[in-house]
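Down below is the structure, laid out as structure tokens.
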Amino acid sequence: MTDPALHPWDLDPAAARRLQAELRARLSLAWDGRAVSTVGGIDAAVPLGPEGQQVARAAIVVLSFPALEPLEAVTAEVPLTFPYVPGLLSFREAPAILAAWQLLQRRPHLLLVDGQGIAHPRGLGLASHLGLWLGLPTIGVAKSRLYGRHAPPGPAHGDRADLLSQASAAQVIGTVLRTRPRTNPLYVSPGHLIDVPRAAEFALRCVTRYRLPEPTRWAHQVAGGAALPPPPT
DNA sequence: GCGACAG
DNA sequence: ATCTTGTCGC
């Protein structure tokens, strides 16, 4: 089953920015109350190699929720055709991620993506873009800030601070979340089909003993070549 | 014109 | 993102 193509990916930066502004209008930040018994994690890596033809290697993992037992993992490699440009990450990584998506046996009910959701200059980070393309709830979980202002969150696990829009400081676009004591916080923002509070809660409920939530943490490991522990039977 | 800038 | 091991601190 192939998802209908929303738009082409081979665009130049200027066209990509215009497309983002257009797609942003289609986002929904409403949670519909669906049941969540599986969560997915998405990340991409760029393997080292002869400077010739670089590829993007995407990894998608599926874990049970709320137990967080790894169930499945897939990877896909696609030639890189778009440079890294802050604000246009989806045009570089999404093609590989969508290729990996086609290999998945079981589709998760919710996705945690390594990158921003709506906490983005045009309100359409990688997590939002993927959510629209896949028609699923997505949450952006970034390790650093791209857009937005905030006060420093408290030092304990679970402490948080609102991430505010730089355009209108009254707009809360995400949560700066401390997942490990005295460790750099995560930037969590809704991608699609979820609101700010729930995005932070789901992300926190996916955290165990590490800074990154399990879905994104495993996706990162798998993208780097690691294997998943044997699934429970 | 000068910084800032997911991965 | 990527080049890279051990090590200091909570």
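Letters A, B, ... mirror the listed sequences (proteins, then strands); counts begin at 1. Keep in mind that the numbers below use all heavy atoms, side chains included, and drop hydrogens, waters and symmetry copies.
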Inset, instruction - Kindly assign one of parallel, tilted or perpendicular to the pair Trp133(A) and His129(A), based on the angle between their ring planes and the thresholds 30° and 60°. - result: tilted

Legend entry - Short side-chain N/O contact to dA6(B) OP1/OP2 from Tyr187(A), under 4.0 Å: no

Inset, instruction - Kindly point out which of dT2(C), dA6(B), dG7(B) is positioned nearest to the side chain of Asp114(A)? - result: dG7(B)

Inset, instruction - For Arg182(A) and dC8(C), give me the distance from atom CZ to atom C1', rounded to whole Å. - result: 13 Å

Legend entry - Phosphate-side-chain proximity, Lys143(A) and dG7(B), N/O vs OP1/OP2 below 4.0 Å: yes

Inset, instruction - If the plane angle is over 60° it's perpendicular, under 30° parallel, otherwise tilted; pick one for Trp9(A) and Phe91(A). - result: perpendicular

Legend entry - Gln166(A) CD - dG3(B) C1' separation (whole Å): 12 Å

Legend entry - Side chain proximity check, Glu214(A) to Val207(A), heavy atoms < 4.5 angstrom: no

Inset, instruction - Check the distance between dA6(B)'s C1' and Ile118(A)'s CD1 and give it to me in whole angstrom. - result: 15 Å

Inset, instruction - Mark yes when over 12 heavy atoms from residues, nucleotides or ligands other than Arg34(A) sit less than 6.0 Å from its CZ; otherwise mark no. - result: yes

Legend entry - Distance in angstrom units between Tyr147(A) OH and dG7(B) P, rounded: 18 Å

Legend entry - d(CG, Leu112(A); P, dG7(B)) in whole Å: 14 Å

Inset, instruction - Kindly state whether the pair Tyr84(A) / dA1(C) counts as stacked, where counting means centroids closer than 5.5 Å and planes tilted less than 30° apart. - result: no

Inset, instruction - Report which part of the nucleic acid His220(A) touches: base, sugar-phosphate, or nothing (heavy-atom distance under 4.0 Å, all strands). - result: sugar-phosphate

Legend entry - Selected nucleotide, minimal atom distance to Arg145(A) side chain, candidates dC10(C), dC5(B), dG7(B): dC5(B)

Inset, instruction - Check the distance between dT2(C)'s C1' and Leu80(A)'s CG and give it to me in whole angstrom. - result: 13 Å

Legend entry - Integer-rounded Å distance: dA6(B) P and His150(A) NE2: 13 Å

Inset, instruction - Under 4.0 Å between any heavy atoms, over every strand shown, what does Gly87(A) touch: base, sugar-phosphate, or nothing? Just pick one. - result: base

Inset, instruction - Quick one: label Ile42(A) by what it contacts on the DNA or RNA (base, sugar-phosphate, nothing), any heavy atom closer than 4.0 Å. - result: nothing

Inset, instruction - For Tyr210(A) and dC10(C), give me the distance from atom OH to atom C1', rounded to whole Å. - result: 17 Å

Legend entry - Any Ser144(A) side-chain nitrogen or oxygen under 4.0 Å from OP1 or OP2 of dC5(B): no

Inset, instruction - Check whether any side-chain heavy atom of Phe65(A) sits under 4.5 Å from a side-chain heavy atom of Ser37(A), and report yes or no. - result: no

